[in-house]
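Sequence positions, counted from 1, serve as the residue numbers for this chain.
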Amino acid sequence: MSDAALSAEIIPFPRPFHAVAPMQAAHLPAAPVTLKPAPAPEAAAVADEDAQARLRRALAQLQAALAEQRSAVAAWRGALADLGGSVGKLRGSFETLQGNLETLKTQLPR
């Protein structure tokens with residue numbers, strides 16, 4: 001080989017180059033970090049199936065809870081309607097009582 005084949009031209013950087021400061025000891029971890037191996041594909045598939053099964057169970061429980069809540073709200077609305085009827089009857093009774101008291105007041109001597 002000739003010297004021309006082993007030579008290289010140095011190209012300068014277009015802007016000033018700043019050296020990066022070495023890492024300080026405070027930035028380094030106190031203890032070596034241990035990485036857990038990735039689970040085997042079969043284990044990952046089983047974990048996915050378990051997660052899907054848990055999700056299905058949770059959704060089924062949520063649907064059941066919502067159904068119970070719907071029936072509870074319907075019962076509550078029915079109870080409110082009954083209460084409204086009772087309050088209406090009570091109002092009628094008070095109006096009758098007030099009329100009777102007004103009649104009695106006019107019948108009493110002054």
### Query
Tell me, do Leu104 and Asn100 make a side-chain contact under 4.5 Å, heavy atoms counted?
no
#### Entry: Spacing of Arg54 atom CZ and Glu49 atom CD [to the nearest 0.5 Å]
12.0 Å
### Task
Could I get the full list of side chain to side chain donor-acceptor pair (under 3.5 Å) partners for Arg91, not counting sequence neighbours?
Glu95
### Task
Quick one: pull up CZ in Arg56 and CG in Leu59 and give me the separation to the nearest 0.5 Å.
9.5 Å
### Query
Leu66 and Gln69: side chain to side chain contact (heavy atoms under 4.5 Å, CB included), yes or no, with the steps?
CA-CA 5 Å; Leu66 287 173; Gln69 188 176 25; 3.8 Å; yes
### Straight-line distance of Leu101 CG to Phe94 CZ, nearest 0.5 Å
11.0 Å
### Message
Tell me whether the count of non-hydrogen atoms from other residues, nucleotides or ligands lying under 6.0 Å of CD in Glu102 goes above 12.
### Response
yes
